[in-house]
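Below, each value reflects all heavy atoms present in this structure, side chains not excepted, and no hydrogens, waters or symmetry copies. In the text below, chain A, chain B and the rest are named by the order of the sequence lines, each starting its count at 1.
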2 protein chains.
Amino acid sequence: MVGRPVNHQRRAELLDAAVEYAAEYGFSELSWRPVAAALGVSPTTLVHHFGTKEQMLEAILGRLRERMFVATRDLAGEQPDLAAQARATWVRACDPQHAAEFRLFFAVYGRALQAPQQFAAFLEHAVAYWMSALVDAQGPDTDLATATRTATLVIATIRGLLLDLLTTGDRDRVQGAAESFLATLEHPATLEHPATLERKA
Amino acid sequence: MVGRPVNHQRRAELLDAAVEYAAEYGFSELSWRPVAAALGVSPTTLVHHFGTKEQMLEAILGRLRERMFVATRDLAGEQPDLAAQARATWVRACDPQHAAEFRLFFAVYGRALQAPQQFAAFLEHAVAYWMSALVDAQGPDTDLATATRTATLVIATIRGLLLDLLTTGDRDRVQGAAESFLATLEHPATLEHPATLERKA
DNA sequence: CCATTGATAGCACGACTGTACTAGAAATGA
DNA sequence: TCATTTCTAGTACAGTCGTGCTATCAATGG
């Protein structure tokens, strides 16, 4: 290690640039030299500010999670209920402008599969957030167990559909499936007490 | 390239062993030398049988897809309808015995995000399979557009939930969410015409 | 018996990796 | 003014990577 004390502002600049580079070239292509060349600095500069390559990867992941969470929160916060929040989240996820970011986000899951303990907390955070949104919408008498189930299902389904969209690019098919799911969200009873539902004939 | 003509039986042996190695150590750790050492052969032997590292990776992916597809087909073929097939698939996915295989399967998606065209056909295949299962269960008057939506949603949701399970290990939470989803599958009307559903009071 | 084929291994080469060491440039404060 | 701190860069080194070249072993068929 060459220099430990760093200016946090400069480091933040480099970090944001590194996140953009990662979003464009993927997580597997993150080596000191290519990243440094793309950022117009020397590899040593990156080492100086991030210490270790593993620490730089960790910093990139952290910054990415931060971005994603803030964006989701800002977007969902304007929506009245869970179904509307889920729909808004889905719409944002489908925006081609964010494709690279979400693509990188799934690379995070690739890492999570190898080191789950680092990411469990983040997913817990996401579930807790969706649960609070659900309680806000349904009032304080919401069954927490049900809310947990629903929040988990919303997250997993949106993630699965988005993964499908990013790998196939078949927008129409995935959008149709998403509409089916979002429709069930607008009828929460189907998730809570499916046995009480009947066709209307 | 050193030797082109290969005995396919020996190659298949090495391939299966390589798939097991990949399932244990992940896709990022696939270099000639470590794999060869684990398989008890020389790196040159692997080169001889697979040609190029990229070709070996492709062979491993192909073999993995084959395994997964056969297993899913055999399992689902014994079930009466779509909901039962989805449940059986989910149960198998949750079996810790197959965890390493599914973990590796998600690494495939990591690759798919970088080279989508290679994997679009496979996913189309999976959707077509689930659609045929759905048509078998519902009869020839099934709406194909609806069947496509449902098949896509089933695949994406199971994949998303499984990804959640593998990264968090929170079996209870994910299982609850899966039950919610599987319950909606047993009421297909909620996916087709949600507007026609009402609470039963 | 020998010749051919295929499996296996050893070795070497160039490219790339992370990172430690060294040093110059620029800013900052006494 | 000078001394200290921080940023940046150059260089070197040990390791790993993919892969081509060469040689040895066993089996097979004439």
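Regarding contacts with the backbone of C:dA9, a side-chain N or O of B:T45 is found under 4.0 angstrom from either OP1 or OP2. Here B:T44 does not reach the OP1 or OP2 of C:dT8: none of its side-chain N or O atoms lies under 4.0 Å away. At least one side-chain nitrogen or oxygen of A:W32 sits closer than 4.0 Å to the OP1 or OP2 atom of C:dT19.
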Start with the C-alpha gap between A:T148 and B:R173, add the side-chain angles, then the distance that decides, and say whether side chain to side chain donor-acceptor pair (under 3.5 Å) holds. CA-CA 7 Å; A:T148 304; B:R173 202 191 80 227; over 6 Å; no

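At whole-Å resolution of the value, CD in B:Q55 and C1' in D:dT19 are 12 Å apart. Distance NZ (A:K53) to P (C:dA20): 15 Å, rounded to an integer number of Å. Distance, B:E13 CD to C:dA7 C1': 12 Å, rounded to whole Å. A:F50 places its CZ atom 11 Å from the P atom of D:dT8, with the value rounded to the nearest Å. The interatomic distance linking B:E29 (CD) with D:dT16 (C1') rounds to 12 Å, in whole Å. As a whole-Å value, the separation of B:M56 CE from D:dC17 P is 11 Å. Regarding B:R10, its CZ atom lies at a distance of 14 Å from the P atom of D:dA27, rounded to whole Å. For the pair A:H48 NE2 and C:dT22 P, the computed distance is 17 Å after rounding to whole Å.
Electrostatic pairing of A:E186 and A:R87 counts as a salt bridge here, judged by a charged N lying under 4.0 Å from a carboxylate O.
Take the nearest nucleotide of DNA chain C for B:H8 and for A:R33: the residue whose nucleotide is more 5' is B:H8.
At the heavy-atom level, A:L30 lies under 4.0 Å from the strands shown only through sugar-phosphate atoms. Using a 4.0 Å heavy-atom distance criterion, A:L14 is classed as making no nucleic acid contact.
Candidate nucleotides D:dC17, D:dA9, D:dG18 were compared by shortest atom distance to the side chain of A:V41, and D:dA9 ranks first. Side-chain proximity of B:V47 to D:dT19, D:dC17, C:dT8: nearest is D:dT19.
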